[in-house]
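Notes follow once the structure below has been shown.
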Amino acid sequence: MTSKNNRVVRTETALGAEVQLAARARQVLRQNDMGDWTRAAPNLYPHQWSWDSAFIAIGLAHLGTRRAAKELLALFEHQWRTGKVPHIVFNPEAPPDSYFPGPEHWACAAASPDAPPTPPYTSCLCQPPIHAIAALRVWEVAERKGGERVDEARAFLRQIYPKLLLWHRYLMTHRDPEGSGLVTIYHPWESGTDNSPRWDEPLMNVEVGDLPSYPRYDLQHVANPSERPTGADYDRYLWLVELIKKAGCDERNIYRSHPFLVKDILFSAILVAANEALLEIAALVGAQGGDHTLIANWIARGHRGLNSLWDSELGLCLDYDLRARRPLRARTMAGFAPLIAGRQGPERLEALIATLDSLAFVGHPWLRWPVPPSTSPLQAGFHRRNYWRGPTWPVVNWLLWWSLLRAGEPERAQRLRQASLQQLVIGGFGEYFDPFTGELLGANDQSWTAAVALDWLASQSHGTLRRTATVLQPGRYEPVRGGHTEWAETVESA
Ligand code: DGY
């Protein structure tokens, strides 16, 4: 066969792989669909998680505006009086003994008058605010598809806008009494990157008190306990829960006495980007002028805060421990916070890209795919199979892809998108992956992984939602060292 014919055959096979991937992603979302919200994963996570749901809405936007809107509205029904969006809304029908700590352990309604008083109950924590970004994505997809979807999406934006504003106001006030532009978290679970080495130092200062024994149901749902946080981590997590409950989930009490009080740069950067999205939504729904000024000020404050934590030696941003009064020096994906916040000057952008390409991240020679590990392999405490201590996470890759596009880096974004999709074709819809072998880790059929795949498949390399197909290589799972060089060649020849 001529090389031209070869190319046609390979392209057709690749398109077949893409169609199959989209069908599989839809199936995962259908299987985890609970009517108006989606389980994060079938067994390990049988409830509604806050930032999972936001990513899920981004995927659902491609399947139908109303269902995507419902996903976010269902979550915001459980918003606290303070504006907090809880990190978990508990499914009253989840199988017994499937997740710990469940609603009876949290007992938030008893602990705080601000919590929703009736079931379904929630946790007392929150998670990164992807929601406004997701709501805007629902609008963008509807606008592209046209027809009645546009009216549905506009009605949805009108409904969700005041709730989003209240949520962001909560974060900019209760979680930033210093007016620093940076969000304070009370628990590693709030970061969404639970056992990242980012939290090793502040967790060391948490002295665990009298803790009743508790079950680790999470370990029943993974192939190997080494994929999940350790027992020592969990003791600290649960002790922090006890302290938050003892403080009545009251922000001022927590600020006064809590041992874990950290300015989280990833959370803060997502809030800056979410405020940009909120500003666009404010314009679309015709919000009053005062809102625009308020949100623009939040954005400016967020940028100032992130700037103050830039570490030029590492070429990354650092979290800040309010208790120990010092930055937390860890090389993790969170350090790319300024890229996620957006609107960086050329010098800062260049420094961030250099770090991303370096041996510490995508340039590491042992990577199976050129996708960044959650923790740099050069960081002490890196572990290639353990949750946020090394594995690569498709949703983080989506966030980075989206940020690279906004930063005017379409080729780099396209490479990341292609490699991330290829990883899913071969590895499946895992929660996370071993960065060196590509092995699926954590939960299978993770909803947010399927959701970001659908969004990638619907998007052109330059980020607009596409009409024509791009090319993926079909493949089989085959651990390779230094495999990403081979992959780069395959993409070019496809
Ligand atoms: C878990 O259970 O692993 C979650 O990350 C906590 O929200």
Side-chain angles (χ1 to χ4, degrees), residues 32 37-56 75 78 84-91 94-95 97-106 108 120-130 185-199 203 206 214-245 249 260 262 264 266-267 270 332-334 374-375 383 385-391 393-396 430-432 441-449:
N32 295 341
W37 64 275
T38 310
R39 284 175 300 181
N43 301 313
L44 184 52
Y45 307 111
H47 307 290
Q48 183 175 28
W49 263 262
S50 169
W51 76 326
D52 290 66
S53 254
F55 281 110
I56 290 164
L75 176 71
H78 308 281
K84 175 164 68 185
V85 176
H87 105 290
I88 304 177
V89 177
F90 291 105
N91 168 15
D97 302 344
S98 52
Y99 181 81
F100 185 86
E104 53 304 308
H105 186 91
W106 277 105
C108 293
Y121 292 120
T122 76
S123 78
C124 299
L125 302 175
C126 60
Q127 268 180 338
I130 300 286
I185 59 163
Y186 307 148
H187 196 296
W189 285 344
E190 296 205 300
S191 72
T193 67
D194 305 5
N195 71 340
S196 168
R198 300 167 73 189
W199 315 130
L203 276 180
V206 175
Y214 58 88
R216 285 288 305 272
Y217 299 135
D218 59 319
L219 299 181
Q220 298 167 10
H221 302 302
V222 289
N224 192 310
S226 70
E227 297 169 28
R228 293 283 302 171
T230 62
D233 288 333
Y234 252 79
D235 284 355
R236 291 195 166 93
Y237 298 159
L238 289 170
W239 183 244
L240 290 174
V241 169
E242 287 311 300
L243 295 179
I244 292 167
K245 281 187 347 184
C249 305
F260 184 97
V262 180
D264 175 335
L266 179 59
F267 200 127
I270 290 173
T332 73
M333 277 302 300
S374 49
T375 295
H383 187 308
R385 298 172 61 85
N386 188 255
Y387 215 36
W388 289 95
R389 301 186 80 86
W393 288 69
V395 282
V396 174
E431 187 183 5
Y432 45 97
L441 302 169
N444 279 318
D445 293 344
Q446 185 84 12
S447 301
W448 68 2
T449 305

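As the structure lists them, so they are numbered: ligands from 1, and atoms in each ligand from 1. Computed over heavy atoms, backbone and side chain alike; hydrogens, waters and symmetry mates excluded.
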note = Note: ligand 1 atoms sitting under 4.0 Å from heavy atoms of Trp189 are 6 (C)
query = Among protein heavy atoms, which sits nearest to atom 7 (O) of ligand 1, and what does the distance come to when rounded to 0.1 Å?
reply = His87 NE2, 2.7 Å
task = Run the numbers for me: atoms of ligand 1, each under 4.0 Å from some heavy atom of Arg228, listed by number.
result = 1 (C), 2 (O), 3 (O)
note = residues 39-48 vs salt bridge (charged side-chain N to carboxylate O under 4.0 Å, His left out), sequence neighbours excluded, gives none
ask   = Are Asp218 and Tyr45 close enough that a side-chain donor and a side-chain acceptor fall under 3.5 Å?
value = no
inquiry  = Tell me the nearest of Tyr99, Tyr387, Tyr45 to atom 6 (C) of ligand 1, using heavy-atom distances.
reply    = Tyr99
key: Any Tyr237 heavy atom less than 4.0 Å from ligand 1   = no
key: Nearest-contact summary for atom 4 (C) of ligand 1 - protein heavy atom, Å   = Asp194 OD2, 3.5 Å
query = Going by distance alone, is a donor N or O of one side chain under 3.5 Å from an acceptor N or O of the other, for Ser191 and Asp264?
reply = no
query = Any chance the rings of His187 and Phe260 have centres within less than 6.0 Å?
reply = no
query = Are the charged groups of Arg228 and Asp233 less than 4.0 angstrom apart, N to O?
reply = no
ask   = Where on Tyr217 is there a heavy atom closer than 4.0 Å to ligand 1, on the side chain, on the backbone, on both, or on neither?
value = neither
task = Please report the C-alpha distance between Tyr237 and Asp194 in whole Å, then the side-chain angles of each, then the deciding distance to 0.1 Å, and finally whether the side-chain contact (heavy atoms from CB on, under 4.5 Å) criterion is met.
result = CA-CA 9 Å; Tyr237 298 159; Asp194 305 5; 3.8 Å; yes
